[in-house]
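Taking it in order: structure first as structure tokens, then the write-up.
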Amino acid sequence: MYHIEEADVIIIGAGPAGAMAAIKAYKQNPNLRIVILDKSKIETSGAAGRGMDALNTIAIPPASQPEDIVEHLTYVTEGVLDQKVAYLYGQMGMEVVKDLEEIMEREPGDLFPLDEDGNYQLYYLHPVDKALMIPMHGEEMKRAMAKAVRKTGAVVYDRTPAVKLIKENGKIAGVVGFNIRTGEYRYIKTKAVCLTAGCAGRIAMPSSGYLAGTYEFPGNSGDGYALAYEAGAELVNMECFQISVKIADHMGPGCAYVASPRGAKTTNRLGETMGSHPYASGDSRLRVWKNYAEGKGPLYLQMDHLSEEMIQIIEKCQFGNERTSRGTFHKNRGQDYRNKNAVEFIFAEDIGACGGHSSCGINSDINGASNIPGLYVAGDVDGGLPHSYLGGAIGMGSHIGKEAAKFAHENEQQEVKAVKSFMRNFIDEFEAPLRRDKGIPPHMVEFKARQRLQRYIVPPKNPDYLDLAVWWMNRIRQEDLPEVKAKDFHDLYKVHEIKSILLVGEMMSRASLFRTESRWGLQHWRVDIPEKKDEWEGHWVVIRKDGENMGMEKRAVPRAEWNFTNQMDYKYPELSFDVGKPFKRKADVKNPAEDKWMAEHYKKEGMATPKRFMD
Amino acid sequence: MQIACGNICPEEEAYSNLELNEDRCNKCGKCVDICPMDVLRFNHKGYPFMRYLDDCWYCDSCVFMCPRQAIKMDTLPYLIR
């Protein structure tokens, strides 16, 4: 069953970026019909559904200026950046903070800290000498945003992820949504789409084996990347992986941005500190890798040297915000921040693709526009503004809301053709796993795909392994997906998510093969080419669907306007270990060249199991 | 809002890391409504249960959104515990 509807702007995914896009599109033009499609419930959906404890990268005068954002992003992207977009975001800092205070009805000094002069208090965290992080006491952020969204009168379809972008004449013309509880479809014509569907956080595997134990919200399975790719949008930096330090077994981040600015340390088992800034860029990741490679793991979170007051502050942030089950987890394990080596970290599992934490995403320009007219992107799915975290999602989400509203006002709805036959064919194919009498359960297929990705794509990258990852993605797509059995609509949508995982896994592998150099520290370290190459300076790997193939292109980023350092400080090590001399026979002995005895058996029995086996 | 179907799902009687106090729960369904991973459904008696147990991100939204404090999450999913 499907409904046909009309909209002016559709928001796909109402996390912070999508919620802000809806709010700002409405403010820009209250007469627009805005429709929101969300996989979850907008009050709790997405990576920030349980609140957030900081805006990790933001410039707020007088502590920091827009240029400081450009400097930081130029450094951590090693110049593979459109600096104009970075500068634009740099200018948004105060607006982001004020918008949040207004939406959450919180006073300055309450939601965000102020210094003695009444200015916003920012912290040093990043690998530049600028204060670019502001703590936030924002447990209720997502519910406040949802309230503001619902107040606009926008039509909100919860539990209804987008499953297809419709294009006509090369432009956005509509979106198909699917309700994962009722099985209803919605074919919604639209002039513009804000694609804010989050990152690809369910790509490789947590070592716990628990599929939903991901660093990122597991609902973010890369569907936004897949939707855009299938529609012909360009993606960039898919080889610049997100690599996280996590609390071992828990899905919680390694606390570097909460605990470290407040004095906590990360040490190895010898008590040595990392010797690096705590920011999650490729250089610091390489130093973490080194500790494990040298047998100095595990790494521990150390707070036993802090005052009781500071430990309580950190506990309040950690247990009351973002990943709130941290408190229960630690309690169950008898872990106490007051003890030495209290919390074990784990590293380089559950590798993913994320614009907000790294650089992977849909390519967008200074207006957040993709190469498809009418399609705008922001947040973790956006590759146009790397490393921008929640602040970037809110700032650029707001920006694309206004841009999409403007586009919808200035452009006509593209005429859609043959909706009936399109939907009949689409539903027929989409629901095939429901119609099978029996088959492979979706979670098994997902386990296999993600286990293969964990095995083959984790840096340091090896070209043969990357080829194997591509081979496995295709094999699972061709051989396993036609055999998968969904028992209900919830399960059916999982099959759709697995298709996204396979596609994003393939993009990450192919882009890693295409970029014939190493860059961004551990994020793209190729063991066969362990150095940066001049010809790749300032170049993206652009992915775009080319018929049935995944097209790849090397493309120069827009010319740099600020002359900031674009080389991080690290060195790729030699992967050659002296393990002594191998065993060498002293006597001149050898085995027979032929095996007449076994040849006789083979001649007599072939490959059949001998009958004596059953006697 | 979906209501109790009367049939007993096998998952109703399986292991669960959520503990429901049936004396407190008034079957309002808020937890089923807000679960971001769509884990919860109503059981044959109309109480919430973890129908899709392995999808839980243990975000504990169900716990703190429950107006009657009827849900407890004192433990986490087995594999990550």
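Here is the naming used below: chain letters follow the sequence lines, and residue numbers restart at 1 for every chain.
- Listed for the B:R24 side chain is a donor-acceptor partner under 3.5 Å among the backbone atoms of B:R68.
- The candidate from A:H443, A:K331, A:R143 with the greatest count of non-hydrogen atom pairs under 4.5 Å with chain B is A:R143.
- Taking non-hydrogen atoms and a 4.5 Å limit, the residue list of residues 204-217 of chain A in contact with chain B, ordered by number, reads A:S208, A:G209, A:Y210, A:A212, A:G213, A:T214, A:Y215, A:E216, A:F217.
- Heavy atoms of B:M65 lying under 4.5 Å from chain A belong exclusively to its side chain.
- Side chain of A:S325 to main chain of B:Y58: a donor-acceptor pair is present (N/O by atom type, distance under 3.5 Å, no hydrogens or angles).
- Judged by the 6.0 Å distance and 45° axis criteria, A:R50 is positioned over the aromatic ring of B:F64.
- Within the 4.5 Å cutoff, side-chain heavy atoms of B:S61 are placed close to those of B:P36.
- Only the side chain of B:Y52 comes within less than 4.5 Å of a heavy atom of chain A; its backbone N, CA, C and O stay farther away.
- Only the side chain of A:D488 comes within contact range of chain B, with heavy atoms under 4.5 Å apart.
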_side chain to side chain contact (heavy atoms under 4.5 Å, CB included) between A:F430 and A:Y185, worked out_ = CA-CA 11 Å; A:F430 192 80; A:Y185 297 84; 3.2 Å; yes

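- A salt bridge between A:R333 and A:E344 is absent, with no side-chain N of the basic residue lying under 4.0 Å from a carboxylate O of the acidic one.
- Residue A:K39: no heavy atom, backbone or side chain, is found under 4.5 Å from chain B.
- We find that B:D55 and B:R41 are not joined by a salt bridge, their nearest charged nitrogen and carboxylate oxygen being 4.0 Å or further apart.
- Under 4.0 Å is where a charged nitrogen must lie from a carboxylate oxygen, and between B:K30 and A:E43 no such pair does.
- A:H330 and A:F319 have tilted rings, their planes meeting at an angle from 30° to 60° on a 0 to 90° scale.
- Chosen from B:D38, B:I34, B:T75, the residue pairing most often with chain A at heavy-atom distances under 4.5 Å is B:D38.
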